[in-house]
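Right, one structure below, let's go through it.
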Amino acid sequence: MVTLVALVALVAGARAAPAGLDYDFSGRGDGTAVLDLFLRVLKLDAYDELPFASVTIDAGLDCGAAGDAHASKLCVVLEDAANDDDGSAAVVAVRATSAVDAAYGAARYLRERCGMSFGWDRAGGDQVAIAQRLANGLPAWPPLKGPATYRRRRDVSYGWNVCTASYTQAWWAWDDWSRHLDWLALHGVNLALAYTGQERLYADVYADLGVDYAAFANWSNGPAHLTWSRGQSTHGVGGPLPRTFADAQLALAKRILARMRGLGMVPILPSFQGNVPPVLKDRFPEANITVQAPHWTSGAVAWLDATDPLFATIGDAFLKRVVAELGADADGDGVGDATEHFYEADGYFAAGDPPWYAARRGGPSTAGVYGSPDDARAHASGAYGAMARVDPDARWHYQGWILNMGDGAVVEAYVGAVPAGRLLVSDMWSEWAPLRTMLVAAGAPFLYGALQNFGGTLDLGMSVAQLAGNASGAPPGVAAGLDAGGALAAGVGAFPEGIDQNLPYWVYFFDANWNGTRPLDAWWAAYAAARYGVDDDDAAAAWAALAASAYAQPAGGGDGFWREKARGGLLSAPGLLDASAAAAAAAYATAPLVDAWRRLAAANLSGAPYD
């Protein structure tokens, strides 16, 4: 018999605000959603078939001393519990600070005690063969033999890049999203980008300003290219955007958000960032809108200055629609009442200097995106105001690489425009070119980010050794990078532009934000065993060879991290960056790769996922 225990959830800000990010992730989600998740992934029909006797969500759960003044209080405790039906079979009781913490801890039990693994469909899929365990004389659900406690290093585990929506998720239906959201929860992701469906809301806002749907659809990109019309200076590509698609995406977004909320995952919803249909320049000639000529094979691009009154008008109208359509419906009237208070707006980028800078100063700047500290402060204040006027508890998530275009004083002014603890900056390239020193100096809470690929480029590998802190000459690994950030290090963020590849890199990355992560050699051995559900010497040797080659690449030079991310994709095109930007030579020896193939071919992996 399964017992569900739900304790009172704390609201954001109820716990004493930390020196860094001011947000409370505890108490979110419910135990039923966790059990339903495991019914789905284990392909079982009833709660009594699961190994989990109880799931307790307790926002105030005390998991003991952390040993680190800045460590998270988010945790999960697993304990042996007798089966209530016959008192003999050993099962597991789960207590956690949130549903997603419970899901992660329960998944660790299945991975480490039951030899199971959870993967993307195009990266091998799940390995949850209960029948195979029984056929090998193993218990389906072995006992823990003592409690196990897992605590986050820092509060946040985030996914993904704004580009992932187009490089990987453009054509996903609900079944795809359902499996993926389950995967995120199983790996402890408690903060995730939720951009689906926003085009319908923008179309409604612009309709109120006199822009009909046909004009909006021609300005927007088509379904496969929405990332770049959401704020990256590319419009009218692959369109027009069908209204039926926009409507369907909004309906899909509501299902995505319902699943996320049940599992205790905090969605980051879109906020207005200034890109507008060029026709608004004609309708509002006094507004500071700059229309740029078409570039990157797109149509015309128009940007509205965040200090202009029209920015506030559009920003407020848009966020009100976001709350009404995508917020949680507390009173059951069919209209959203509140969100989880996290929003993303990245502002002008990707096409040189901001147009308003040149327009207001009579020429191009040489001082980066925001020019002076006063200019930076004004624009950040305008962007955050479009969130906070509608949602006074708004938190702002921002892509930090844009700040690299300004000096320290500019960054400090930008950060200082937002109330302390309410701006979360993603240091998206922490594993290669970290901005940590600049962000800490500015007082910005930040995420230790990993990017892994540009443009969804398919390339075997990326340095797991670097994430573990074992790569000579590389930036600090996850643990050291978080420690160096002190109270301002809010957690980890995964920012690949495309996914469904290099699964072990991301499994390790998310594991690294929890205590109890095994030493790297032992982690790889456990990964191989869980991937196939058997302890096979050839399979273990194959993954050891990959770990020492494709997943232990060098840090610097022409064949280092930059090549790993971009090889074969757009950013490797000759002449786009420099004359040396042709496809790079292999960043690791091929002999270990051939050996890994031979070992996997020789392994006894009957019934296991493909490789």
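Any value given below was found using the heavy atoms of this structure, including those in side chains, with hydrogens, waters and symmetry copies removed. Keep in mind it's a predicted model, so treat the numbers as computed, not measured. All residue numbers in this chain count up from 1 along the given sequence.
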Are the side chain of Asp536 and the backbone of Ala539 linked by a donor-acceptor contact shorter than 3.5 Å?
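Yes: the side chain of Asp536 pairs with the backbone of Ala539.
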Donor-acceptor contact below 3.5 Å, side chain Gln127 vs main chain Gly115
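Judged by distance alone, yes, a pair lies under 3.5 Å.
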List for me each residue that meets ring pair (Phe, Tyr, Trp, His ring centres under 6.0 Å) alongside Tyr343, sequence neighbours excluded, and say none if there are none.
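So Tyr343 forms no ring pair (Phe, Tyr, Trp, His ring centres under 6.0 Å) with any residue.
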Checking [Y] against [X]: is there a side-chain donor and acceptor pair closer than 3.5 Å?
| X | Y | answer |
| --- | --- | --- |
| Thr97 | Ser26 | no |
| Trp160 | His180 | yes |
| Ser430 | Asp427 | yes |
| Asn190 | Tyr158 | no |
| Arg152 | Ser157 | yes |
| Gln399 | Asp346 | yes |

Show your working on side chain to side chain donor-acceptor pair (under 3.5 Å) between Asp155 and Ser72 and close with a plain yes or no.
CA-CA 5 Å; Asp155 279 359; Ser72 175; 2.4 Å; yes
Could you grab the distance from atom CG of Asn502 to atom CE of Met462, nearest 0.5 Å is fine?
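The CG atom of Asn502 sits 9.5 Å away from the CE atom of Met462.
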Could you give the distance from CE (Met116) to CG (Leu186), rounded to the nearest 0.5 Å?
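Atom-to-atom, Met116:CE and Leu186:CG are 12.0 Å apart.
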If the condition is salt bridge (charged side-chain N to carboxylate O under 4.0 Å, His left out), which residues does Asp182 pass it with, not counting sequence neighbours?
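Asp182 satisfies salt bridge (charged side-chain N to carboxylate O under 4.0 Å, His left out) with Arg40, Arg259 once adjacent residues are dropped.
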Assess whether ring pair (Phe, Tyr, Trp, His ring centres under 6.0 Å) is satisfied between Tyr167 and Trp228, documenting all intermediate values.
CA-CA 11 Å; Tyr167 283 119; Trp228 299 280; 5.2 Å; yes
List the atom of [X], the atom of [Y], and the distance in Å for their closest heavy-atom pair.
| X | Y | value |
| --- | --- | --- |
| Phe509 | Ala494 | CE2-N, 3.8 Å |
| Gly498 | Gln501 | O-NE2, 4.1 Å |
| Tyr104 | Arg108 | OH-NH1, 2.6 Å |
| Leu447 | Ser426 | CD1-OG, 3.9 Å |
| Ile57 | Gly31 | CG1-N, 3.8 Å |
| Val77 | Leu61 | CG2-CD2, 4.3 Å |

Distance flag, aromatic centroids of [Y] and [X], threshold under 6.0 Å:
| X | Y | value |
| --- | --- | --- |
| Phe495 | Trp432 | no |
| Phe342 | Tyr23 | yes |
| Phe52 | Phe38 | yes |

Is the shortest distance from a Lys or Arg side-chain nitrogen in Arg95 or Asp58 to a carboxylate oxygen in the other one below 4.0 Å?
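Not counted as a salt bridge, because no side-chain N and carboxylate O are separated by less than 4.0 Å.
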Side-chain ion pair, Glu340 and Arg395, N-O less than 4.0 Å
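Salt bridge between Glu340 and Arg395, a charged N being under 4.0 Å from a carboxylate O: no.
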Distance-only donor-acceptor pairs under 3.5 Å for side chains of residues 518-528, two or more places apart:
{"unit_1": "Trp523", "atom_1": "NE1", "unit_2": "Asp511", "atom_2": "OD2", "d": "3.0"}
{"unit_1": "Tyr527", "atom_1": "OH", "unit_2": "Arg531", "atom_2": "NH1", "d": "3.3"}

Heavy-atom count around Asp537 CG within 6.0 Å, excluding the residue itself: above 12?
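Atom CG in Asp537 is not crowded, with 12 or fewer foreign heavy atoms closer than 6.0 Å.
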By disulfide bond (SG atoms under 2.5 Å apart), which residues pair with Cys163, not counting sequence neighbours?
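Disulfide bond (SG atoms under 2.5 Å apart) list for Cys163, sorted by chain: empty.
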Heavy-atom check, side chain of Pro51 versus side chain of Leu110, under 4.5 Å
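Yes, their side chains come closer than 4.5 Å.
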So, using side-chain hydrogen bond (donor to acceptor under 3.5 Å, both in side chains) as the criterion, who are the partners of Arg113 when residues are at least two apart?
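Counting only residues at least two positions away or on another chain, Arg113 forms no side-chain hydrogen bond (donor to acceptor under 3.5 Å, both in side chains).
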Considering only residues two or more places apart or on different chains, which pairs with a residue in residues 436-449 satisfy side-chain hydrogen bond (donor to acceptor under 3.5 Å, both in side chains)?
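As it turns out, the side-chain hydrogen bond (donor to acceptor under 3.5 Å, both in side chains) pairs with a partner in residues 436-449, which skip direct neighbours, are Tyr448-Gln466.
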Return the orientation label for the Tyr414 and Trp396 ring planes: parallel under 30°, perpendicular over 60°, tilted otherwise.
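Tilted.
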